[in-house]
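Below is one structure, written out as structure tokens; the observations come after it.
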Amino acid sequence: MMTTSDHRPLTNYDRRMYRLMNRREAARFHATAARRRAWVVTHILLTVASEAAWLGAVVWEQRWATWTMLGLLLPWCFATGVINSSTRGLLELRVRALDERQRAERLRVAALAQRVMMWVLLAATVGAGVAALAGVEVEGLVFPVLFSVFVVHWIMPLWMAGLTARDEPDLDDDEDIAVEAAGAA
């Protein structure tokens, strides 16, 4: 039974999302911290490649980039799902569907992501300043850089949640998993 400080009742959507985010079929993909880190790194690389392909298609009008972006979409979605599963939907569930520990974890992840983003923004600002001082034509780079920073800002909480997720306790056998799943419903 979930208790929340948000006194509104859980909707059918909340219950479905909670069950979806707490399914155990994919647990082997993210059972250890090393696997979670590998999925986050994979997700970062897929995000960078997808973003570069999108910019190539939109800004530099390269046709091949559209097909590359579409080809990267499915692996990117799968990696996103693995990270969400590893955090049990920490960032996907509504606040009223989270218990107190999960809400505190969500706030901690958001604060960590904000601190990391501050350094990303500083690096982008310094990089733009150095490029301008070096005589690089920066006007053509404004949109791609701002778009890239926006994407990183949008996805950073997911990456931080995936990197900081803790290992789940080992369950002895399938019977324990069935008991846990029945309690979550």
Mind checking who shares a hydrophobic cluster with Trp67, ILVMFWY linked at side-chain heavy-atom distances under 4.5 Å? Leu70
Between Thr11 and Arg94, does a side chain to side chain contact (heavy atoms under 4.5 Å, CB included) hold up when you go through it step by step? CA-CA 10 Å; Thr11 64; Arg94 294 178 185 170; 3.7 Å; yes
Taking everything shown except Arg23 itself, do over 12 heavy atoms lie less than 6.0 Å from its CZ? no
dist Leu112:CG -> Met160:CE (nearest 0.5 Å) comes out at 5.5 Å
Could you tell me whether the side chain of Met118 reaches within less than 4.5 Å of the side chain of Leu121, counting heavy atoms only? no
Check whether any side-chain N or O of Glu51 sits under 3.5 Å from a backbone N or O of Ser148 as a donor-acceptor pair, and report yes or no. yes
Test side chain to side chain contact (heavy atoms under 4.5 Å, CB included) applied to Arg36 and Asp167, step by step: CA-CA 10 Å; Arg36 287 188 299 276; Asp167 290 343; 2.6 Å; yes
Under 3.5 Å: donor-acceptor pair, side chain of Arg15, backbone of Leu10: yes
Does Glu105 come within less than 4.0 Å of Arg88, counting only side-chain N to carboxylate O? no
Could you check whether any side-chain N or O of Thr80 sits under 3.5 Å from a backbone N or O of Trp76, counting only pairs where one atom can act as donor and the other as acceptor? yes
Which atoms form the tightest heavy-atom contact between Asp14 and Pro9, and what is the distance? OD2-O, 4.4 Å
List the steps and the verdict of side chain to side chain contact (heavy atoms under 4.5 Å, CB included) for Arg106 and Leu91. CA-CA 7 Å; Arg106 187 175 183 160; Leu91 301 171; 4.1 Å; yes
For Glu25, is the CD atom crowded, meaning more than 12 foreign heavy atoms sit under 6.0 Å from it? yes
When every non-hydrogen atom of Ser86 is compared with those of Gly162, the smallest separation belongs to OG-CA, 4.4 Å
Is there a side-chain contact between Leu90 and Met21 (heavy atoms, below 4.5 Å)? no
Shortest non-hydrogen pair, Leu98 vs Arg103, comes out as O-NH1, 2.5 Å
Can you tell me which residue among Ile83, Val82, Val48 is in a side chain to side chain contact (heavy atoms under 4.5 Å, CB included) with His43? Ile83
Of the non-hydrogen atoms in Ala128 and Val138, which two are nearest, and what is the gap between them? O-CG1, 4.2 Å
Should the ring pair Phe143 and Phe147 be called parallel, tilted or perpendicular, given that the plane angle runs from 0 to 90° and is split at 30 and 60? parallel
Any non-hydrogen side-chain atom of Val120 less than 4.5 Å from a side-chain atom of Met117? yes
In chain order, what residues pass the ring pair (Phe, Tyr, Trp, His ring centres under 6.0 Å) check against Phe78, with sequence neighbours excluded? Phe29, Trp39
